[in-house]
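Notes for the one structure printed next.
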Amino acid sequence: MPIIRPKIKILDDDHKEMILEEAKSILEVQGVFIENQEALNLFDKNGLIHEGLRYFIPPDLIDKCLKTVPPEITLFDRDGNEHITLKDDNSHFNPGSAAIFILDEDTGEIREALSNDFIRFSKIVEQLEYIAAQSTALVYQDVPKEAQDWHRLYIALSNCYKPVVTGTFRKESFSIMREILLACRLSEDDLAKKPLAIFDACPSPPLKWSDLTTQSLIDAAKSMIPSEFVSMPLAGASAPITLIGSITQHCAECLAGVVIVQLTKPGAPLIWGGSPAVFDMKHGTTPMGAIETMMINLGDIEIGKFLKMPTHAYMGLSDSKIPDSQAGFEAGMGALLAALAGNNMTSGPGMLDFESTQSIEKLIIDNEIIGMVKRFIQGIEDYGAPFASEILNDYGDKEELLSHPSTLKYFRKELFFPSSIIDRMTRDSWKDKGSKSTRKRAKDLSKKLLEKPSVKPIDDKLAKELNKITEKALK
Amino acid sequence: MIILTGEEIFKNIVDSIVNLEEDKAVELANEALKKKINLLEVVEKGFSAGIRKVGELWEDGEFFLPELMRGAQIMQKCLDILIPHLQKGSEEISHGKVVIATIEGDIHSIGKTIVATMLRAYGFEVYDLGADVPAEKIIQEAVEKKADIIGVSALLTTTMTGQKKIIEILREKNLMNKFKVILGGAPVTSAWVEECNAHGSAENAIEAVKLVKSLLNK
């Protein structure tokens, strides 16, 4: 056990309480705009007052719904093995979802993605030690438009055993995706007990849950599949410019989601999450690597923890267009801060250019960042006093400590061992090896990783079953 | 009270816009009305000059988007005061009509809203149809309003196809020669504009104004 688990705090309890109370009051007084019929029926049944599609949620209903949210979610891999648990300060990472472009490693150009890119991407994610979960990270153009959401789940699970963060673009797709997930489990009950996928659902800022995303929440809840809120207040554009104002808006949007889900099915699993950003006042863009974006995320995570819910955030991504030093420091700061906040699921690795682009090179570099971050949050261990004096007494014998029993005993535990991505060679060796940049080293490693055999190849029978479902759905 | 000449009023109007002083700008618009100063000159030498200055400050990096938007809104408020007193109403100062929308399936409206606001401030009659608008509806409005320009924005590659659909429908209906179609949104590239056979796209709101002006030879 470390002496302390390194932790960062950005809000105090008084302000968490104030934010929560104001968010509840926003839902009571200003209400939330709901465009989905099934949710409206549910709200009507529960006697909610409304003006048109704007529904007013009383605070006592929010409190009641919060009570039935499970405090933790354990995700299982494709083959049904326990994989990761989202609880306490556990920090896991998955690639940023649904990029519409890929940075081609060979040409260096950002272009539209094809299914083969996502196959390669999934195979790499399978190999990367510190990327705990996969995601339907790329939207590719060589399948029919109607298949662009669910088809990714098929490719993901066919090529990588890790649990998957996904989502729908069309209401109709949920049933196909559910069928794909069910094929990996024995029964509906088995899928509910061993969740394999998380469904992202994004409210539209400010204070609106669209037809599509609300339906996703409801459908997932009915099957006890975890939903992850991706509330995205845009500070200064579709949310208050003040960081605390945006955190409050995020809280209100997510609380409305809690009510929709828990009214659908009390006890349905949920993740308090988001992808907020500050608005860039010069370029009109949504910088994910801005330090203030990260601060809003940290506030959102703290509120989620205050409510004893598993948490999520979009961090560890960059607005740079190539895996350069901006990409490195933005991803590095984001990943470290997310882990220091004890965020349970962090989406972002691999992403560039405001969530629009995925890069295999960056993903590989980010894996290395996360390796270091994970070492950091393990903290400093107390192996028992005296800490140094006895060891130093032995120095005189050999004038080195390399071969000292304590070094041999602890060095593998104390040190993080980077891959070829991190350069710690002497300058001469570095020159001898081709004077390669981080990006070039990542590109080289990507080729090697793609040649490696799958860590856990998909079972033939399951592969056939997934093919069958896909063929049927494509007809 | 100090009596101001026309030129002084114009300068004060420019200053009020650049300094983002709404009350002062409104007061000056009313004063110009009261003094029966040539309103076309008030618009051109006063308010338009003011917003052009704001645009320049933005391009120079002195101003940021909130200031650009606020300047445009103050200008709009003042124009709303003056327009009823123009002989032919808004037509008299209009540089052209623009129908603008974010395409069906896409709810990302902020970029489109900024462009609409700036076009309005620069003297175009803008009909902003909002977000998630079907291609057919955009064209119907453009026909009804006798628009010169159709502006369509999309943030997702999945909705970008809707931009192409606009051109396809215009062709089918033989309406292509009636409008210039401009595209907006982060994924829009010059290659995409070409593929759609559209008339242009712009990097930002001020560039969009310049694009519309050049398409209409203003």
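Every chain is numbered from 1 and lettered A, B, ... according to where its sequence line falls, protein lines coming before strand lines.
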> CD/A:Glu112 to CE/B:Met160 distance, rounded to the nearest 0.5 angstrom?
Replying inline: 6.5 Å
> Checking heavy atoms, do the side chain of B:Leu155, its backbone, both or neither come under 4.5 Å from chain A?
Replying inline: backbone
> Does CD in B:Glu144 sit with more than 12 non-hydrogen atoms of other residues, nucleotides or ligands closer than 6.0 Å?
Replying inline: yes
>> Under 4.5 Å from any heavy atom of chain B, what part of A:Phe279 do you find: side chain, backbone, both or neither?
In response: side chain
> Considering residues at least two apart in sequence or located in another chain, which fulfil the ring-ring contact (aromatic ring centres under 6.0 Å, His included) criterion with B:Phe179?
Replying inline: none
> Would you find more than 12 non-hydrogen atoms of other residues, nucleotides or ligands less than 6.0 Å from A:Lys321 atom NZ?
Replying inline: yes
> Quick check: are there more than 12 heavy atoms from other residues, nucleotides or ligands sitting under 6.0 Å from CD of B:Glu203?
Replying inline: no
>> More than 12 heavy atoms of other residues, nucleotides or ligands under 6.0 Å from NZ of B:Lys178: yes or no?
In response: no
> If every non-hydrogen atom of B:Trp58 is compared with every non-hydrogen atom of A:Met281, which pair is closest and at what distance?
Replying inline: NE1-O, 4.2 Å
> For A:Lys282, does the NZ atom sit with more than 12 other heavy atoms under 6.0 Å from it, leaving out its own atoms?
Replying inline: yes
>> If you count every heavy atom of other residues, nucleotides or ligands that lies below 6.0 Å from A:Asp106 atom CG, does the total exceed 12?
In response: yes
> What part of B:Thr161 lies closer than 4.5 angstrom to a heavy atom of chain A: side chain, backbone, both or neither?
Replying inline: side chain
> Heavy atoms under 4.5 Å from chain B: which residues of residues 142-155 of chain A carry them?
Replying inline: A:Lys145, A:Gln148
> Taking only residues two or more places apart in sequence or in another chain, which ones pass side chain to side chain donor-acceptor pair (under 3.5 Å) with A:Asp117?
Replying inline: A:Arg111, A:Arg120
> Which residues, numbered in order, of residues 283-295 of chain A come under 4.5 angstrom of chain B by heavy-atom distance?
Replying inline: A:His283, A:Gly284
>> One pair to check against side chain to side chain contact (heavy atoms under 4.5 Å, CB included): A:Asp280 and B:Phe64. What are the steps and the verdict?
In response: CA-CA 9 Å; A:Asp280 183 276; B:Phe64 290 89; over 6 Å; no
> Taking everything shown except B:Lys173 itself, do over 12 heavy atoms lie less than 6.0 Å from its NZ?
Replying inline: no
